[in-house]
Amino acid sequence: MERTGQTLLTGAPRGTRDILPSQSGSWQWLEHQLRHTCRLYNYREIRTPVFEHTELFLRGIGDTTDVVSKEMYTFNDRGGRSLTLRPENTAAVVRSVVENRLLGDLLPVKLYYIGPMFRYDRPQAGRFRQFHQFGVEALGVDEPAIDAEVLLMAASLLDRLQLSGVMLAINTIGCGLCRPGYRRSLTCYLDGCVDRLCGDCRRRYRTNPLRVLDCKREECHMVTRSAPAITEQVCTQCREHFTAVLELLAASNQAYTVDSRLVRGLDYYNRTTFEFKFDRLGAQSTLIGGGRDDGLVAELGGQPTPAVGFAAGIERLLLAMEINHCLPTVAERPEVLVLPIGRAAKTTALTLAEELRGRGVACDLVFGERSLRSQLRLADRLGVYVAVLIGDQELAAGRVVLKDMTGKEQITLPAAECADKIEQILAKRSV
RNA sequence: GUGGCUGUGGUGAAGUGGUUAACACGACGGAUUGUGGCUCCGUUACGCAUGGGUUCGAUCCCCAUCAGUCACCCCA
């Protein structure tokens, strides 16, 4: 219970991490790729609050799901409202769509989001308490083509990130009309072999028998191997929808595996469900997960509206790219460093740096009393192209020294011409 | 919520129940006074996660806590 002050002050909360300067470049790069893909597919960004009324998640995600029943950060604010840090963003997006009447004539409404989510889980490889998701939601269209487009978008995203070795597993879990029937027949089947199931499954085959299908334990796998497959038992409409989606994927040369065991843990899913998996990630191998959630809009008080979407884990994408050695290292560095030699040069150095920045040159200057040698070492470490040396001699003569850090040459010129010359040098570099 | 493994300086990482806790990298400073990337030299641990306990004495033994890690579970 008691934690030392030191731990409290110097340790980030469990399951959270700082994104340090050495890593933020990768994050920005990835975010750029995500946004660009959204642009290509005509998805527009929506930003919703990081906390919502707890009720939203209870209704939207389902109060019996693990996410809601044991993983939420819920608290009361000073006004007595029960609020919850969002564990995912689909419910909030739909809430906003309904609240702001975004569903007009122009359908589908295609939205994307990116930001932090919160789940009180035990931290593990690829799993954090604060993590980040990128996701899309297309609302208002029922036809299989939009399922396929969403799938293809996810695939092209992975492709853009050069993530090879990702497998797409797809399934249909039926709709509100046919799933209950399947559920019954599955329960019925499982009734006959409860004693062969693992402890967890014995418990949940009553509450949510579908979950037994994706249990990892061998004994359960054996039992469900000959269980009725949902793909065989969904209603005609669902079956046709599913085969249409598969045909569209095939027509686009998108590889996939139908996995009739694939089940999603959030209540709002129906019909098409899918996962993009990367097996070298460890236990948390799902990079992207999604599917249809046709009932959600109505559940949250809107007109019945079909919807499809997916969510991707940013940390997992980054982790996978690292494992795959395809994560670009983007280190931003200044182009120019100004070196004041001695106190007297400080003013001139600062003024010059400002002038360069005003011209759009990324520029830094050295602070503190450092020897010329150490200042040059600094310039070298920073990887700047040009160092500007300003010492007493230069000051007296109204000149500065420009040193090309990529070679050995240096020139002395009037301070007034310095900025022009630097622009020339940099322009030559970028050609 | 359950289980396994781990916890030494900015990082990687040796080490022993008993005076000054290796080494490497990094960082900082210097190698004749104003010049980098190589080289050389020097400096760099409120003392070995925190709190208890065992002991004449613990960083090394025991317990608890916290944290990290992996797996279960769950999911992105």
Side-chain angles (χ1 to χ4, degrees), chain A residues 1-8 10-17 20 22 61 65-71 87-90 114-135 154 198-201 203-204 208 211 214-217 262-266 269 274-278 281-290 309-320 337 339-342 345 368-384 386-395 401 403-410:
Chain A
M1 280 292 130
E2 297 249 334
R3 302 182 63 190
T4 65
Q6 196 182 21
T7 309
L8 231 41
T10 61
R14 182 152 210 217
T16 69
R17 340 176 37 136
L20 301 173
S22 59
I61 303 173
T65 61
D66 280 21
V67 168
V68 169
S69 64
K70 47 191 194 196
E71 295 174 6
E88 57 95 58
N89 209 23
T90 305
I114 181 167
M117 309 294 159
F118 307 85
R119 257 122 100 155
Y120 189 85
D121 251 355
R122 196 84 180 263
Q124 196 182 322
R127 191 169 77 183
F128 309 93
R129 290 186 172 180
Q130 177 176 170
F131 61 103
H132 297 74
Q133 279 190 339
F134 159 80
C198 73
D200 284 327
C201 287
R203 179 173 37 74
R204 65 188 158 203
N208 192 352
R211 296 227 62 85
D214 68 347
C215 181
K216 285 173 189 163
R217 304 189 64 114
L262 179 59
V263 171
R264 309 256 68 216
L266 278 27
Y269 283 114
F274 58 87
E275 281 182 5
F276 285 85
K277 292 190 174 196
F278 184 74
L281 263 192
Q284 309 299 318
S285 58
T286 303
L287 252 25
I288 296 178
F310 67 72
I314 305 281
E315 284 86 351
R316 289 188 191 175
L317 289 175
L318 253 12
L319 205 57
L337 186 67
L339 320 184
I341 310 164
E369 297 294 323
R370 280 163 164 264
S371 67
L372 212 215
R373 173 208 290 274
S374 78
Q375 293 197 48
L376 278 165
R377 274 188 189 155
L378 203 55
D380 195 62
R381 260 210 336 272
L382 288 175
V384 300
V386 179
V388 184
L389 321 202
I390 310 173
D392 294 341
Q393 298 164 26
E394 289 74 24
L395 231 39
V401 174
K403 185 173 173 63
D404 178 356
M405 293 304 289
T406 62
K408 273 199 154 43
E409 314 77 51
Q410 64 179 47

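Within every chain, numbering begins at 1; the chains are lettered A, B, ... in the order of the sequence lines, protein sequences first and strands thereafter.
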Spacing of [X] atom [atom1] relative to [N] atom [atom2], expressed in whole Å:
X: A/Leu319; N: B/C70; atom1: CG; atom2: P; result: 9 Å
X: A/Phe118; N: B/A76; atom1: CZ; atom2: P; result: 16 Å
X: A/Asn89; N: B/C75; atom1: CG; atom2: C1'; result: 16 Å
X: A/Arg264; N: B/C74; atom1: CZ; atom2: C1'; result: 11 Å
X: A/Asp214; N: B/A76; atom1: CG; atom2: P; result: 12 Å
X: A/Glu394; N: B/G34; atom1: CD; atom2: C1'; result: 8 Å
X: A/Glu275; N: B/C74; atom1: CD; atom2: C1'; result: 11 Å
X: A/Ile114; N: B/A76; atom1: CD1; atom2: C1'; result: 13 Å

Worksheet item: When you check the gap from the basic side-chain N to the acidic O, do A/Glu275 and A/Arg264 get nearer than 4.0 Å?
Response: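 Salt bridge between A/Glu275 and A/Arg264, a charged N being under 4.0 Å from a carboxylate O: yes.
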Discussion item. If we check side-chain contact (heavy atoms from CB on, under 4.5 Å) with A/Met405, which of these qualifies: A/Leu376, A/Leu337, A/Val386?
Written reply: A/Leu376
Discussion item. Using the side-chain contact (heavy atoms from CB on, under 4.5 Å) definition, which of the options A/Val401, A/Ile390, A/Leu378, A/Leu372 pairs with A/Leu339?
Written reply: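 The passing option is A/Leu372.
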Can you tell me if the side-chain N/O atoms of [X] get under 4.0 Å from OP1 or OP2 in [N]?
X: A/Thr286; N: B/C75; answer: no
X: A/Gln124; N: B/C70; answer: no
X: A/Arg381; N: B/A27; answer: yes
X: A/Thr65; N: B/C74; answer: no
X: A/Arg14; N: B/U65; answer: no

Worksheet item: Given the C1' atoms of B/C66 and B/A49, what is the spacing between them in whole Å?
Response: 8 Å
Worksheet item: With respect to the side chain of A/Val67, which nucleotide from B/C74, B/G29, B/U69 is positioned closest?
Response: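 Given the options B/C74, B/G29, B/U69, the side chain of A/Val67 is closest to B/C74.
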Practice prompt. Side chain of A/Arg370 only, please: which of B/A76, B/U35, B/C28 is the nearest?
Written response: B/C28
Mind listing the N/O atom pairs, protein and nucleotides 1-7 of chain B, below 3.5 Å?
from, atom 1, to, atom 2, distance (Å)
B/U2, O4, A/Arg122, NH1, 2.2

Discussion item. For a quick check of understanding: with a heavy-atom distance under 4.0 Å over all strands, which category does A/Leu287 fall into, base, sugar-phosphate or nothing?
Written reply: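 Sugar-phosphate, backbone atoms only, no base.
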Worksheet item: Counting any heavy atom closer than 4.0 Å, what does A/Phe128 reach on the DNA or RNA strands: base, sugar-phosphate only, or nothing?
Response: base
Below 3.5 Å is the cut-off: list the nitrogen or oxygen pairs between protein and nucleotides 36-42 of chain B, distance only.
from, atom 1, to, atom 2, distance (Å)
B/G36, O6, A/Gly407, O, 2.2
B/G36, N1, A/Met405, O, 2.9
B/G36, N1, A/Gly407, O, 3.4
B/G36, N2, A/Asp380, OD1, 2.6
B/G36, N2, A/Met405, O, 2.6
B/G36, N3, A/Asp380, OD1, 3.2
B/G37, O4', A/Asp380, OD2, 3.1
B/G37, O6, A/Lys408, NZ, 2.4

